[in-house]
Amino acid sequence: MERYDPGEIERKWQERWREEKVFAARDDSPKPKYYALVEFPYPSGDGLHTGHVRSYTAMDIIARKRRMEGYNVLYPIGWDAFGLPTENYAIKTGTHPKVVTKRNTDTFRRQLQSLGFSFDWDREVNTTDPGYYRWTQWIFLQFYKKGLAYKEKMPINWCPSCKIGLANEEVVSGKCERCGTPVERREKEQWMLAITKYADRLLADLDTVDYLEKIKTQQMNWIGRSEGAEIDFAIADAEGGAKLTVFTTRPDTLFGATYMVIAPEHPLMHALSGLIENRAEVAAYVKKVSANTEEERLAEGKEKTGVELKGVMAINPATKEKIPVFTADYVLASYGTGAIMAVPAHDERDFAFAKKFGMPIRQVIAPRSADPQTALRQEEGSARGSGVEIPYTGDGILMDSGPFDGMDSEEAKKGIVNAVGGRMKTQFHLRDWVFSRQHYWGEPIPIVFCEKDGMVPVPEEDLPVRLPDIEKYQPTDTGESPLAAIGDWVNVACPKCGGPARRETDTMPNWAGSSWYFLRYIDPRNDAMFAAPEKLKHWMQVDWYNGGMEHTTLHLLYSRFWNKFLYDLGVVPVSEPYMKRTSQGMVLGKGGDKMSKSKGNVVNPDSVVAEFGADTLRVYEMFMGPFDQAIPWDDKAIQGAARFLERFWRYAGDMIGARAQAQEHREGAAEGRKRSLLHRTIKKVGDDIEAMKFNTAISSLMILLNELTDAEGRSDAVVALTDADLVALVKILNPFAPHMAQELWSRMPEGLHAGYLDFAAWPTYDPALAAEDEVTLVFQVDGRVRDTVRVARGMEEAAAKDLALANGKVRAALAGREPTRVIWVKDKLVNVVA
RNA sequence: GCUGGGGUGGCGAAAUGGCAGACGCACCGGCUUUAGGAGCCGGCGCCGCAAGGCAUGUGGGUUCAAGUCCCACCCCCAGCACCA
């Protein structure tokens, strides 16, 4: 057998897989379907990252195993190619983003193919292709027609460096997610998508899917549902009966509300101005606060600031008392009603504010006696005299609450809401999705503004609205898209009346194309609709979707939303797009830092493939550690994967070579121990792949190979496996190292192989063979191991105990003491307790 | 602060309540080689010459037996965070 030369073998099979379209998914196959999905890459100029390799290898392993199990597998790939880095590169170099994208996708394609992923390349999609974004625009029009896409003037998060409006989701602790510049607030007309209309279902339907728990939790946190009530507080002496409406999750504490707070941006601030006596002071505070970026607000920490609206008093609807009203920036205009009732005795923030401003603190909830906080409070109370020293935020028994005294919190909530004419209400943290970007390299929003007819959607038959070729890609400081400067493109005839009209110049965010790409893979060349219903019915839903944790809030939520919307339209057959979602851990640089160009610790997959081959890179990335965990790259450790494959090659090659020459095979000559291990390994590799425990799957293959090639077995190596066992051995390697496995397969003697290994049946293990016939029995005295012996499996209790009690080391440890008890666990141990 | 996941050799890590450290890296010794490397054989938690003892973040507990179960605490990572 010649030396293992991955370069030659890998090139050969990659060409044949591609030319013969071996992995093309068939729409008309009688086999059961399996849809395996990975996040399509953003084709950056840096090329493929080791993190892509980790995710794509994992799903490639699943896809290859499924094919061997008889499934018709769809494992597609494409390019999520709109986005800022390409645009920035275009601005810097003057190269058209189209050209940059073409170059980058060519690189990515070559790199992905060099790794031997079993993608169906016939279904490649590109979000920047007009044939693709035509349907992104079509979906937008459906949102528009259903009233779920609307334009609104609103304060947005503006990144002064990227010159772009950001969705709340793209602001990370007050800074631009991309460039880290502190975000400013600007008023702007923006397109919005009404994702909040789907908040309830996006939350509830998490119960119907199989996502990792932490992924579900992140989705739930982001949607942020809370149950409470809206309660109206009348303003004393106000003209026309003005009132302040608050949202609270604790209506049971209403009797303890001693003041109110409204957000500085609250619209009622204007309406109340007639009553406010300290107008100048209030105006100054509002001005100061609104100039603050969120960054500055956070920097001030939890120190509360605010100003009383002197002359404005609200009436607590429960106690009928007049209570003061403040404005303070700890109350957010964007959540709930933008106003709160403050209950300092039972809320930490209100408590801190009340302490600072000398507001009364009135306890109305008594902890139940079993509550752990009770003892603490009583102790504090006696030490410092009466008065509340720490807010009690738990449930309890009502006190000082008129007719509700003695009632349980939970029970009192509804009663109090009813008594004061409030309404039960569910609030969400989730906001509507800001869907406009003032940039060139995105999908044009297919709307025109007519002088006569106002906003008019572009007729569906006129899609796509193509991005025009322009000279300058730089967004303007006024925040207008560079498209606004292209007169020929902007000025159009109104589709409705034919009169003068202007196109919308905003484009869609880069999340748009990725919100539905999994549907386009199903019917990628269809130009009559985004995908044919019968094909969608056949392939949806996605059976298994793997991607990075960094996309588990936004992309996952957005694409679930789009899919649900299309489901409601009746054009997609399932409400939830993904049956199962998993995430891989990041591949870090040496030493555990994130890989980055500035740190100089980026590993280029190309150089690893050139030095060791794709199979070695695949095996190494799967073996390096638990799949869901972040693991630093170690370019020494990759040697382990390389050695394993070389030894596998030599062993399996020798076995095949010997078969070709031998006159006869000694069928079934393998030692029982080795056959048994092989069958246990078949089981373990299969089980571990399903659980994504790729590291232990590969380790069990290593253990098997070590056993098969040890010195003792070597003289007899050629006959150590039956034909069937040799075939099984090569098959279970296939998902991990498909080039080597396929090469070995093709060299098998006539009759042992036919066609491509990926369509040969996944081996079944024989439970009878897998069971070991000898086991190690542990002897303990008082729980400490004293000896181990090899015995036949299935030894009965009496025999095992006798053996233990007769054992020299056991007797020595007993030192003459009489056993009081002897514990026996079948095929495991005997523990003598003295 | 809340939610989720973690803490085991020099390193990446294994371990249905039943021999802790499988497998791999690094390292040490041997064989082979003109040399380097590769390969093969063996060793490799800590203390100890040994017998043996001690070891899975810390402290308790349950159990014949705990990395694993229970209680309290410390630390690390990720996400969310003035959300009423």
Side-chain angles (χ1 to χ4, degrees), chain A residues 3 172-173 212-222 224-226 228 246-250 253 261 297-298 300-304 328-332 334-343 346-350 352-353 393 427-431 549-550 552-553 583 585-586 592 619-620 623-626 628-641 643-644 646-647 650 693 695-706 709-711 714 776-788 812 819-834:
Chain A
R3 223 186 114 69
V172 178
S173 54
L212 288 182
E213 207 47 45
K214 61 177 167 182
I215 297 174
K216 278 194 188 182
T217 308
Q218 280 195 21
Q219 297 263 302
M220 282 160 68
N221 285 346
W222 197 264
R225 179 191 162 101
S226 57
V246 303
F247 173 74
T248 177
T249 55
R250 294 299 302 276
T253 64
V261 184
R297 286 195 192 188
L298 279 174
E300 286 172 20
K302 307 227 170 188
E303 179 66 19
K304 300 282 181 290
D329 69 351
Y330 84 90
V331 171
L332 308 176
S334 52
Y335 185 76
T337 62
I340 62 155
M341 63 179 206
V343 185
H346 304 292
D347 180 278
E348 281 172 23
R349 297 150 300 176
D350 297 345
F353 190 87
T393 57
Q427 266 301 329
F428 292 93
H429 173 207
L430 186 70
R431 316 289 161 78
M549 269 318 275
E550 66 274 20
T552 50
T553 19
S583 284
M586 272 199 288
V619 167
Y620 170 61
F623 182 66
M624 66 197 307
D628 58 358
Q629 193 175 303
I631 304 279
W633 184 270
D634 179 348
D635 40 26
K636 288 274 184 49
I638 195 167
Q639 283 291 352
R643 285 179 196 143
F644 162 65
E646 276 164 22
R647 295 209 302 135
R650 220 176 314 132
K693 289 161 75 175
N695 54 333
T696 51
I698 290 168
S699 118
S700 68
L701 285 168
M702 289 171 168
I703 292 168
L704 174 64
L705 188 64
N706 289 346
T709 59
D710 68 10
R714 215 165 163 66
T776 301
L777 204 56
V778 174
F779 292 155
Q780 298 181 333
V781 175
D782 292 330
R784 294 174 163 297
V785 178
R786 294 301 169 184
D787 204 2
T788 62
T820 54
R821 229 178 124 184
V822 182
I823 312 277
W824 168 76
V825 181
K826 192 168 189 174
D827 293 336
K828 291 275 189 202
L829 61 66
V830 178
N831 185 10
V832 181
V833 185

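These figures come from a predicted structure and were not determined experimentally. Naming convention: chains lettered A, B, ... in sequence-line order (proteins, then strands); numbering from 1 in each chain.
With sequence neighbours excluded, no residue forms a ring-ring contact (aromatic ring centres under 6.0 Å, His included) with F623(A). By the side-chain contact (heavy atoms from CB on, under 4.5 Å) test, D347(A) pairs with R349(A), D350(A), sequence neighbours left out. In this structure, the side-chain contact (heavy atoms from CB on, under 4.5 Å) partners of S583(A), at least two apart in sequence or on a different chain, are I215(A), M549(A), T552(A), R581(A). In terms of the side-chain contact (heavy atoms from CB on, under 4.5 Å) criterion, residue partners of R225(A) (sequence neighbours excluded) are, by chain and number, D200(A), L203(A), E227(A), T426(A), F428(A). F779(A) pairs by the ring-ring contact (aromatic ring centres under 6.0 Å, His included) definition with nothing, not counting sequence neighbours. Scanning for side-chain contact (heavy atoms from CB on, under 4.5 Å) contacts around A834(A) gives D782(A), L814(A), R817(A), with sequence neighbours left out. Among residues two or more places apart in sequence or in another chain, the salt bridge (Lys or Arg N to Asp or Glu O under 4.0 Å) test is passed with D628(A) by none. Among residues two or more places apart in sequence or in another chain, the side chain to side chain donor-acceptor pair (under 3.5 Å) test is passed with R250(A) by D252(A).
When the C1' atom is compared between G10(B) and C71(B), the two are found 35 Å apart, to the nearest whole Å.
Contacts with RNA chain B (heavy atom under 4.0 Å) in residues 777-784 of chain A: V778(A), Q780(A), R784(A), listed by number.
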Review item, nucleotides 48-52 of chain B N/O atoms under 3.5 Å of protein N/O:
none

All N/O contacts under 3.5 Å from nucleotides 25-27 of chain B to the protein, with atom names and distances to one decimal?
unit_1	atom_1	unit_2	atom_2	d
C25(B)	OP1	R643(A)	NH1	2.4

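Side-chain nitrogen and oxygen atoms of Q629(A) include none within less than 4.0 Å of the OP1 or OP2 phosphate oxygen of C77(B). Between T552(A) and the phosphate of G79(B), there is no side-chain N or O to OP1/OP2 separation shorter than 4.0 Å. Distances shown here put every side-chain N or O of K693(A) at or beyond 4.0 Å from the OP1 or OP2 atom of A22(B). Between N695(A) and A14(B) there is a side-chain polar atom (N or O) within less than 4.0 angstrom of OP1 or OP2. The phosphate of G24(B) has OP1 or OP2 within less than 4.0 Å of a side-chain N or O from N706(A).
Rounding to the nearest 0.5 angstrom, the gap separating the CZ atom in R650(A) from the CZ atom in R3(A) is 9.0 Å.
Distance from the side chain of I631(A) is smallest for G12(B) among the nucleotides C82(B), A22(B), G12(B).
With hydrogens and angles ignored, a donor-acceptor pair closer than 3.5 Å exists between the side chain of K304(A) and the base of C82(B). At a cut-off of 3.5 angstrom, counting only N and O atoms as typed in the model, there is no donor on one side facing an acceptor on the other between the side-chain of N221(A) and the base of C80(B).
Scanning all heavy atoms of the two residues, the minimum distance from Y335(A) to S226(A) falls at OH-OG, 3.0 Å.
Base pairing in RNA chain B yields stems of at least 3 consecutive Watson-Crick or G-U pairs, both distances under 3.5 Å, namely B:1-7 with B:74-80, B:10-12 with B:23-25, B:27-31 with B:39-43, B:45-47 with B:52-54, B:57-61 with B:69-73.
Residue contacts for I823(A): at a heavy-atom cut-off of 4.0 Å it reaches a base atom on one of the strands shown.
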